[in-house]
Amino acid sequence: MSSAPFSVEEARGLLDAELADAAGRGGLLPADVHELKVRWLGKKQGVVTALLARLKEVPKEEKAAFGAGVNALKQEVEARLDALEAEATARAAARAEAAKAVDVTLPPRVPPVGRLHPLTVVRRRIEHVFHGLGYEVADGPEIETDWYNFESLNFAPDHPARDSVDTFFVEGGGTGRDALLLRTHTSPVQMRTMEGRRPPIRVLCPGRVYRKDDIDPRHSPVFHQMEGLVVDEGITFAHLRGTLSAFAKSFFGGRAEVRLAPTFFPFVEPGVDCAVSCVFCETGCRICSYSGWIEIMGAGMVHPNVLANAGIDPERFTGFAFGMGIDRIAMLLHGIPDLRLLFENDVRFLDRTWG
Ligand code: DAH
């Protein structure tokens with residue numbers, strides 16, 4: 001780079017040309033100015049330094065004028081490059097600021113929005129109907145004792161009805177009625193509620209339940225139930241029927257009818273299977289197995305032994321209870337073919353509005 005000039009005039013001409021050229025390229029940044037500074041003012045090979053080195057070749061009588069000329073040139077170079085540097089620094093700062101700015105013309109990036117799980121939607125809808133009928137929501141533990149899950153509900157220790165639910169027992173509990181297990185239904189919350197408050201009682205108990213079931217499209221070791229319990233003086237089977245009928249119409253639509261058929265559950269007497277008329281067809285379809293009816297819950301009048309176990313006088317009070325599968329109702333409503341979809345957390349399934 002030490003195309004060492006010549007004379008101060010030549011150097012000045014070169015400087016003008018180079019700066020004009022740089023200005024022509026436009027938008028000098030600090031690094032460009034730095035390069036120019038090294039080229040012109042660098043201590044080793046800078047143009048001005050090289051020019052000064054010529055001093056010894058200059059005839060004696062011209063030395064003073066030459067030296068003064070080089071000094072004047074040096075000051076001019078410094079001044080011009082300093083000015084350029086200030087411009088370049090301001091330009092760089094402005095660019096950095098612009099890069100930070102929000103470009104309001106860009107299309108918005110829509111953040112992923114969470115949605116309610118279909119089971120939550122169905123649970124809330126059921127709760128909504130019963131809230132309207134004056135029910136409260138009650139809660140109970142998922143790890144239960146044999147007493148609450150079975151015995152207090154009239155399942156004697158060797159009662160065959162226990163075999164209808166394969167039970168997970170939990171290590172660390174006692175024996176007999178103190179044995180610990182994962183609750184197989186939400187019915188134990190009936191007993192806990194009755195112990196905790198006196199009639200009139202009107203509660204709804206949603207929750208997770210566990211059975212040692214295989215996993216297939218219709219079974220899962222974990223699923224969800226919704227229990228209902230009403231206890232008061234003068235409660236009759238007619239209240240049960242009227243309540244289930246009101247629920248069916250409100251939940252499934254005004255045309256839904258209720259059909260009750262006798263069956264056995266140890267904690268109610270009489271016990272019934274409750275079906276609603278198929279709301280998906282007129283003449284029979286696959287959902288109702290061409291019967292026109294869909295079974296949605298078990299129900300019945302609370303057994304006097306159960307009331308007595310909770311310290312409620314069965315001579316004075318009566319009640320009814322019901323229990324339904326939330327998962328099954330969600331599957332019915334939305335035509336969900338496989339129970340496992342509800343638990344696998346696949347966002348392609350969850351990212352829908354299950355209104
Ligand atoms: N607990 C029963 C089950 O899991 C469902 C049930 C039936 C609940 C009758 C009730 C009832 O409250 O009265 O299969």
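In each ligand, atom 1 is the first atom listed, and ligand 1 is the first ligand listed. Note that the structure is predicted; figures quoted are calculated from it, not measured.
- Interface of V268 with ligand 1, defined as ligand atoms under 4.0 Å from a residue heavy atom, comprises 13 (O).
- Scanning the protein for heavy atoms near atom 14 (O) of ligand 1, the closest one is R211 NH2, 3.9 Å.
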Test log, rule ring-ring contact (aromatic ring centres under 6.0 Å, His included), inputs F349 and F343: CA-CA 10 Å; F349 175 77; F343 305 120; 10.0 Å; no

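- At least one N/O-N/O distance between A321 and ligand 1 falls below 3.5 Å.
- Atoms of ligand 1 lying under 4.0 Å from at least one heavy atom of G300, given by number and element, are 13 (O).
- Here is the list of ligand 1 atoms found below 4.0 Å of a heavy atom in S187: 1 (N), 8 (C).
- The main-chain N or O of T186 is found under 3.5 Å from a side-chain atom of Q225 such that the two form a donor-acceptor pair.
- Every atom of ligand 1 with a heavy atom of F265 under 4.0 Å away is listed here by number and element: 7 (C), 9 (C).
- Of the protein's non-hydrogen atoms, E227 OE2, 2.7 Å is the one closest to atom 12 (O) of ligand 1.
- Across all non-hydrogen atoms, the minimal contact from V231 to L307 is CG1-CD2, 4.0 Å.
- Contacts between M297 and ligand 1, counted as non-hydrogen atom pairs separated by less than 4.0 Å, are absent for every part of the residue.
- With ligand atoms numbered from 1 in the order given, ligand 1 contributes 12 (O) to contacts under 4.0 Å with heavy atoms of Q190.
- No cation-pi contact links R211 to F223, judged by a cut-off of 6.0 Å to the six-membered ring centre and 45° from its axis.
- For atom 11 (C) of ligand 1, the closest heavy atom belonging to the protein is F267 CE1, 3.4 Å.
- Remark: ligand 1 and Q225 share an N or O pair separated by less than 3.5 Å (distance only, no angle test).
- Side-chain contact annotation: H219 with D214, donor-acceptor N/O pair under 3.5 Å absent.
- For the residue pair W40 and E18, a side-chain donor N or O sits within less than 3.5 Å of a side-chain acceptor on the partner.
- Using a 3.5 Å distance cut-off with no hydrogens or angles, the side chains of Y210 and E144 do not pair a donor with an acceptor.
- Of the options C205, G325, G298, the smallest heavy-atom separation from atom 9 (C) of ligand 1 is shown by G298.
- A distance of 8.5 Å separates CG in L229 from CZ in F320, rounded to the nearest 0.5 Å.
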